[in-house]
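Please read the structure below before turning to the comments.
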Amino acid sequence: MMILQEKEIKKLLGQKEPVLFLDYDGTLTPIVKRPEDAIISDEMKTVLRECAKKFKVAVVSGRDMDDLKSKVNLGNLIYAGSHGFRISGPDGLYNEHEKTSEILPQLDKIEKLMQEVFPAIDSGIQIDRKRYAIGVHYRNAKEKNVPAIIGKVKEIVEKFPEFKTGEGKKIIEVKPDVDWHKGKALRWIMDKLGAADKNKFIPIYIGDDITDEDGFEAIKDFGIGILVGEHGKPTAAKYKLKDVSQVKEFLQTLAKTMN
Ligand SMILES: O=P(O)(O)OC[C@H]1O[C@H](O[C@H]2O[C@H](CO)[C@@H](O)[C@H](O)[C@H]2O)[C@H](O)[C@@H](O)[C@@H]1O
């Protein structure tokens, strides 16, 4: 169901205060060919600033937290990078998943192996090393090479039992095989903000990709999950927005609703 009208939003919120969770790529910025070119617009920043004056706003992304922070560059927000493995926000809010830093040397080995094999498979592959994950982007690789790229990533990762793979939009990621994801990060943030009382607070989660399903799933019984566009798999989100421009429109209406 599309969600854009002020009266629909007011009805869903009731007397509760929203806590807003936003994915970055495909939600706050359109998907582009190269990750470094995904720049948030000034208009989107303005509306985020407006929202953050009225209620808590978190950006929850597969990107590394430092990359995410420097791209959004707004002081009053909570940032959860690497799918929530590292979180920071105002008033000393901070969390780094405890088990993951121990296994980083293994991730360095995986990265090295990838650097050795992937250039020969396709020159369009981009290896995106983050602190807790490695993204292998194949958006600019030849279509015929994609199965081989995915197969090779899986073959490498099988040798490292402490890691697993996950898929997103034209990306296969290597991440620690621990029970932690965007949905768990959301629940952690709600707790730390003192916003766990479901009678007083309502989480809104907006995302476009498969990894956002963990966020939708985490709040499906008491929050508002909004899928942006399509990711080709079933969704736990009840609501829909067409694209980034509708996300901006929704956020403008939400900010106005909270006057
Ligand atoms: O959780 P997100 O904020 O959506 O991050 C997921 C991944 O987003 C980025 O990759 C995606 O966007 C790129 C720029 O539009 C695009 O070129 C790529 O094909 C997409 O997969 C980011 O580079 C990754 O690190 C994130 O994991």
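Here, residue 1 is the first one in the sequence, and each next residue gets the next number. Both counts, for ligands and for their atoms, begin at 1 and track the order of listing. Given the structure is predicted, the values throughout are model-derived calculations rather than measurements.
- Remark: the Ser88 side chain and the Lys69 side chain contain an N/O donor-acceptor pair separated by less than 3.5 Å.
- At least one N/O-N/O distance between Val32 and ligand 1 falls below 3.5 Å.
- Compare Lys170, Glu167, His137 by their heavy atoms: the one nearest to atom 18 (C) of ligand 1 is in His137.
- Considering only non-hydrogen atoms, atom 19 (O) of ligand 1 lies nearest to Arg139 out of Arg139, Gln126, Glu173.
- Contact annotation for Lys130 and ligand 1: only side-chain heavy atoms (C-beta onward) come within less than 4.0 Å of the ligand.
- Cluster membership check: Met44 shares its hydrophobic cluster with Tyr79, using side-chain heavy-atom separations under 4.5 Å among Ile, Leu, Val, Met, Phe, Trp and Tyr.
- Around atom 7 (C) of ligand 1, the closest heavy atom drawn from Asp25, Asp23, Val228 belongs to Asp25.
- Distance alone, capped at 3.5 Å, places no donor-acceptor pair between the Asn95 side chain and the Ile87 backbone.
- Taking the six-membered ring where the residue is Trp, Phe21 and Tyr205 present parallel rings, their angle staying beneath 30° rather than reaching 60°.
- Salt bridge status for Lys154 with Glu158: absent, with no side-chain N to carboxylate O gap under 4.0 Å.
- Of the N or O atoms in Asp128, one or more lie within a sub-3.5 Å distance of an N or O in ligand 1.
- Of all atoms in ligand 1, listed by their number and element, those nearer than 4.0 Å to a heavy atom of Lys33 are 17 (O).
- In summary, of the residues considered (Gln5, Lys10, Lys54), a side chain to side chain contact (heavy atoms under 4.5 Å, CB included) with Thr257 occurs for Lys10 alone.
- Considering backbone and side-chain atoms together, Lys169 places an N or O closer than 3.5 Å to an N or O of ligand 1.
- Between the side chains of Glu36 and Gln126, at least one donor N or O lies within less than 3.5 Å of an accepting N or O.
- For ligand 1, the atoms closer than 4.0 angstrom to any heavy atom of Ser61 are 1 (O), 2 (P), 3 (O), 5 (O).
- With a 6.0 Å radius and a threshold of 12 heavy atoms from other residues, nucleotides or ligands, Lys192 has its NZ atom at or below the threshold.
- For ligand 1 and Tyr24, the ligand atoms under 4.0 Å from any heavy atom of the residue are 3 (O).
- For Ile31, heavy-atom contacts with ligand 1 shorter than 4.0 Å involve the backbone as well as the side chain.
- Considering only non-hydrogen atoms, atom 5 (O) of ligand 1 lies nearest to Gly62 out of Pro30, Gly62, Gly168.
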